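Working notes for the structure below.
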Amino acid sequence: MKKIRLGRTGLMVSASSFGALPIQRLSFEEAGRLLRKAYDNGINYFDTANAYSDSEEKIGAALCDVRKDIILSTKSGASDKKTLLSHIELSLKRMKTDYIDILQLHNPSILPDPEDPQSTYAGLLEAQKKGWIRFIGITNHSAQRARDAVLSDKYDTLQYPFCSLSSEEDIEIAKLTCEKDMGFIAMKGLAGGLITNAATTFSFIKQYPFVVPIWGIQREKELDQFLEMEENPPIYDDEMKRLIQKDRKELLGNFCHGCGYCLPCPAKIDIPQAARMSLLLRRAPYQQFLTEDNYKEMLKIENCVHCNSCKSRCPYGLDTPQLLKENLNDYLVFRREHSSQL
Ligand code: SF4
Ligand code: SF4
């Protein structure tokens, strides 16, 4: 497995790294097997978050004996120093380690004031002094905030969505990060499941050799696919470009990225899935979405109380309630048209 220098951190991380959000859905045993297989095949960088339920504990259980050989990053969504420090202490305990390589502020809606002694930034500096964390990072879905964070020169790494559907603005942010010698960690490499041909986005990302993708991996066959592509990289040729153009055309405009920042919803709507239903029905095997359980989930959209809290939290500026309504209408028509298969 090739290694990439993660900007000024100097950390040499695997060219395909491991995003540990999906392992929340696995048992400890299954997650352990997957993490260990990744490690045994040269993946040395694992990214998780305080908010990913038991993901940190699963990493700790599976990899604590090889701690010195791996690089760990996690995130805290705290908005004050005290909470941030308590999150870090918890992460250390969960991951069975006495240091975290990169601690990232998790998608803050406002960048903290580094001069404020009670800010999360002050907390990061204190944690660094205590030896709890080595480097300071930030994650964001907002292009403006990501750019501001890079220009502030206060962060060693930026984690930002990056895939074959990325806009010119996203690419500029990635390049700016590189110019500033920050590490660029690419999340959502498969656009939250909307890119169904992994080779297209893989070959696109590899045009930017400083970019470190953290693939969200839940199944062994997904891990195998990324390992195989690292071994025999797909070429970014005319056919790849054509497939990417096709995806871009189909996903043109403001599509839901499935990031989940709009949650929780008082009507208990599974917004990240419901707001992408039309696309999922056409881009993934649709039968799985026509089940009775999924039908009931989609009908919850009718209980929307139009509080608009989802809309105000969406980093992509989507009119989420409207998007949900359109998806429900489309879903009902699609389900009717495929009623013979129910
Ligand atoms: S506007 Fe509707 S969908 Fe959005 S959070 Fe409120 S109830 Fe949920
Ligand atoms: S509606 Fe916006 S915040 Fe919610 S999952 Fe989609 S992109 Fe993310």
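Each ligand, and each atom within it, is numbered from 1 in the order the structure gives. The structure presented is a predicted model; accordingly, all values stated were derived computationally and were not measured.
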Legend entry - Identity and separation of the nearest protein heavy atom to atom 6 (Fe) of ligand 1: Cys307 SG, 2.3 Å
Legend entry - atom 2 (Fe) of ligand 2: nearest protein contact (heavy atom, Å): Cys314 SG, 2.4 Å
Inset, instruction - Would you confirm whether the ring centroid of Tyr155 sits within less than 6.0 angstrom of the ring centroid of Tyr121? - result: yes
Legend entry - Any Ala275 heavy atom less than 4.0 Å to ligand 2: no
Legend entry - Numbered atoms and elements of ligand 1 in range of Ile269, under 4.0 angstrom, heavy atoms: 3 (S)
Legend entry - atom 5 (S) of ligand 2 [closest protein heavy-atom partner, distance rounded to 0.1 Å]: Gly260 N, 3.2 Å
Inset, instruction - Measure centre to centre between the rings of Phe334 and Tyr286, then say whether the value is under 6.0 Å. - result: yes
Inset, instruction - Below 4.0 angstrom from a heavy atom of Cys304, which ligand 1 atoms are there? Numbered from 1 as shown, please. - result: 1 (S), 2 (Fe), 3 (S), 7 (S)
Legend entry - For ligand 1, the portion of Lys311 having any non-hydrogen atom under 4.0 Å away: neither
Inset, instruction - Report, in ascending order of atom number, the atoms of ligand 1 lying under 4.0 Å from any heavy atom of Leu324. - result: 3 (S)
Inset, instruction - Using modelled atom types only, decide if a donor and an acceptor are shared between the side chain of Gln24 and the backbone of Leu21 within a distance under 3.5 Å. - result: yes
Legend entry - Glu29 CD: over 12 foreign heavy atoms closer than 6.0 Å: no
Legend entry - Ligand-residue contact atoms, ligand 1 with Ser309, heavy atoms, under 4.0 Å: 5 (S)
Inset, instruction - Number the atoms of ligand 1 from 1 as they appear, then name those within less than 4.0 Å of a heavy atom of Asn308, with their elements. - result: 1 (S), 6 (Fe)
Inset, instruction - Give a yes or no answer on whether the side chain of Ser17 reaches the backbone of Ser14 with a donor-acceptor pair at less than 3.5 Å. - result: yes
Legend entry - Distance filter under 4.0 Å to Pro315 heavy atoms, resulting ligand 2 atoms: 3 (S)
Inset, instruction - Nearest heavy atom to atom 1 (S) of ligand 2 wins, so pick from Thr320, Leu263, Asp270. - result: Thr320
Legend entry - Lys NZ or Arg CZ of Lys206 over Phe204 ring: under 6.0 Å, within 45°: no
Inset, instruction - Return yes if some donor-acceptor pair links the side-chain N/O of Thr139 with the main-chain N/O of Asn107 below 3.5 Å, else return no. - result: yes
Inset, instruction - Could you tell me the residue and atom name of the protein heavy atom closest to atom 7 (S) of ligand 1, and the distance to it rounded to 0.1 Å? - result: Val305 N, 3.4 Å
Legend entry - Within-4.5 Å side-chain heavy-atom neighbours: Leu158 and Ile173: yes
Legend entry - Arg276 to Phe255, cation-pi by 6.0 Å centre distance and 45° axis angle: no
Legend entry - Pro213 versus Ile205, closest heavy-atom pair with distance: CG-CG2, 4.2 Å
Legend entry - atom 6 (Fe) of ligand 2 contact by Cys256, N, O or S atom under 2.8 Å: yes
Inset, instruction - For atom 8 (Fe) of ligand 2, grab the closest protein heavy atom and report residue, atom and distance to one decimal in Å. - result: Cys259 SG, 2.4 Å
Legend entry - Protein heavy-atom partner closest to atom 4 (Fe) of ligand 2 - residue, atom, separation in Å: Cys262 SG, 2.3 Å
